[in-house]
Amino acid sequence: MPELPEVEAARRALSPVMDGARFTAVLARRPDLRIPFPRDFISRLVGETVRAVERRGKYLLATLSSGETLIMHLGMSGSIRVTPGSSEAAAGPHDHVVFQMSSGATITFNDPRRFGFMTLIERHARHATLSRLGLEPLGTDFDAAALARACRGKKTSLKVALLDQRVVAGLGNIYASEALHRAHLSPRRKASTIASRAGAPRDSALRLTRAIKKVLNEAIARRANSNDRFRVYDREGARCRARGCTGMITRIVQAGRSTFFCPVCQR
DNA sequence: AACAAGACCTGCATGC
DNA sequence: TGCATGCAGGTCTTGT
């Protein structure tokens with residue numbers, strides 16, 4: 001499920017019950033998530049106070065008073081439940097981690113496919129993937145010039161480049177397709193074509209940055225991922241929703257993943 | 001170095 | 001009904 005908007009929604013749910021709160025109990029019910037828990041995961045958490053819950057791309061980061069950071073990733077099917085009061089009895093299938101906080105809340109991490117994980121690190125820079133994440137699409141330094149720079153010289157398709165977390169952090173398979181449609185750019189274009197030879201942003205880069213922000217902000221504002229709101233994702237064979245366009249949404253496979261686009265209005 | 005393909009794991013929809 | 005197949009919103013590793 002989770003791309004940046006869903007992760008941001010999780011952050012906003014966690015922040016009020018975690019910020020300034022202490023871990024009073026930690027339950028790791030199933031040890032074999034994508035990354036195994038570090039040794040002493042529980043003892044390093046219990047008693048610690050959360051300074052803040054932040055998000056970087058699709059990663060949730062809870063900084064602790066000890067200086068360590070709790071990293072949470074929802075993978076493909078992960079979700080986080082926040083319930084008031086102690087509700088250990090409610091732990092169900094695929095509830096892998098349960099936090100009891102001094103704020104009174106119970107936080108439950110559920111993940112059927114177990115592509116998600118939780119771990120503890122001493123410093124952000126120490127985490128290989130985290131330290132290599134690309135532009136934060138809702139951050140202040142995300143603009144056409146930065147995106148063009150990140151795509152310069154890239155021979156992959158635009159869609160595959162947008163999926164690469166080292167280019168833009170947080171876009172996933174749905175919103176990469178949605179942003180490209182909104183920008184009227186073909187997912188098959190070479191990524192480097194949004195920059196001039198010298199690396200300056202073309203008009204397409206400007207349209208794409210605006211489209212990415214718009215698509216993500218709208219999704220955050222509306223919270224739920226209801227399919228009928230998508231312009232292209234999972235709409236193969238349906239009519240293009242772009243103003244004045246009579247095209248039909250097409251599905252292709254790029255880097256092993258479905259891409260949906262309109263071949264008429266996306267060039 | 002950059003890219004494609006396969007791997008990880010479970011659940012759901014489809015078709016026979 | 002049962003069973004097989006293919007697909008899913010993410011990343012990591014392996015091989016070219």
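Letters A, B, ... are given to chains in the order of the sequence lines, protein chains preceding strands, and every chain is numbered from 1. On a predicted model such as this, the values are computed, not experimentally measured, just so you know.
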Please check if the number of heavy atoms outside A:Arg166 that lie under 6.0 Å from its CZ is greater than 12.
no
Identify which one of A:Val97, A:Asp95, A:Leu27 satisfies the side chain to side chain contact (heavy atoms under 4.5 Å, CB included) criterion when paired with A:Thr108.
A:Asp95
Inter-residue atom distance A:Lys155.NZ - A:Thr193.OG1, 0.5 Å rounding:
14.0 Å
Regarding A:Glu122 and A:Arg44, does a basic nitrogen lie under 4.0 Å from an acidic carboxylate oxygen?
no
Rounded to whole Å, please give me the gap between CG in A:Leu33 and C1' in C:dG10.
14 Å
Which whole-number value in Å describes the distance from A:His127 NE2 to C:dT11 P?
10 Å
Specify the separation, in whole Å, of atom OH of A:Tyr175 and atom C1' of C:dG10.
15 Å
Along DNA chain B, 5' to 3', what are the outermost nucleotides having an atom less than 4.0 Å from a heavy atom of chain A?
B:dC3 to B:dG11
For C:dC12, take OP1 and OP2 only and decide whether either is under 4.0 Å from a side-chain N or O of A:Arg34.
yes
Would you say A:Arg22 has more than 12 foreign heavy atoms packed within less than 6.0 Å of its CZ?
no
Within the structure shown, what part of the strands sits under 4.0 Å from A:Tyr59 by heavy-atom distance: base, sugar-phosphate, or nothing?
sugar-phosphate
Got a sec, which residues hit side chain to side chain contact (heavy atoms under 4.5 Å, CB included) with A:Pro137, two or more places apart in sequence or on another chain?
A:Leu4, A:Phe142, A:Val168, A:Ile212, A:Leu216
Side chains of A:Asp143 and A:Thr209, donor plus acceptor under 3.5 Å:
no
Write down the distance separating the P atoms in C:dT14 and B:dC9, rounded off to the nearest Å.
15 Å
Please report the distance, rounded to the nearest Å, between CZ in A:Phe117 and C1' in C:dG10.
10 Å
Could you state the CZ-C1' distance from A:Arg113 to C:dC12, rounded to the nearest angstrom?
14 Å
Expressed in whole Å, how much space separates the P atoms belonging to B:dA1 and C:dT11?
23 Å
What interatomic distance, in whole Å, is found between P of B:dA5 and the corresponding atom of C:dC7?
15 Å
The side chain to side chain contact (heavy atoms under 4.5 Å, CB included) partners of A:Arg30 (sequence neighbours excluded) come to A:Asp32, A:His96, A:Arg114
Paired runs of 3 or more consecutive Watson-Crick or G-U pairs involving DNA chain C, with both pairing distances under 3.5 Å, are B:2-8 with C:10-16, B:10-16 with C:2-8
What parts of residues 153-172 of chain A reach DNA chain C, counting only heavy atoms under 4.0 Å away?
A:Gln165, A:Gly172
Among side-chain atoms of A:Gln266 and A:Ser186, is any donor-acceptor pair under 3.5 angstrom?
no
Within the distance-only criterion (no hydrogens, no angle test), does the side chain of A:Arg210 pair as donor or acceptor with the backbone N or O of A:Lys214 below 3.5 angstrom?
no
Over 12 foreign heavy atoms within 6.0 Å of CZ, A:Arg81:
yes
Can you see whether A:Thr259 engages A:Gln254 through a side-chain donor-acceptor pair at a distance of less than 3.5 angstrom?
yes
Do A:Arg55 and A:Glu8 meet the salt-bridge criterion of a basic N to acidic O distance under 4.0 Å?
yes
Nearest whole Å is fine: how far is C:dG10 P from A:Asp111 CG?
13 Å
Residues from residues 253-260 of chain A sitting under 4.0 Å of DNA chain C, heavy atoms only?
A:Arg257, A:Ser258
Below 4.0 angstrom from OP1 or OP2 of C:dT11, is there any side-chain N or O of A:His73?
yes
What I want to find out is whether A:Glu6 reaches A:Lys58 closely enough, with some N-O distance under 4.0 Å, to be called a salt bridge.
no
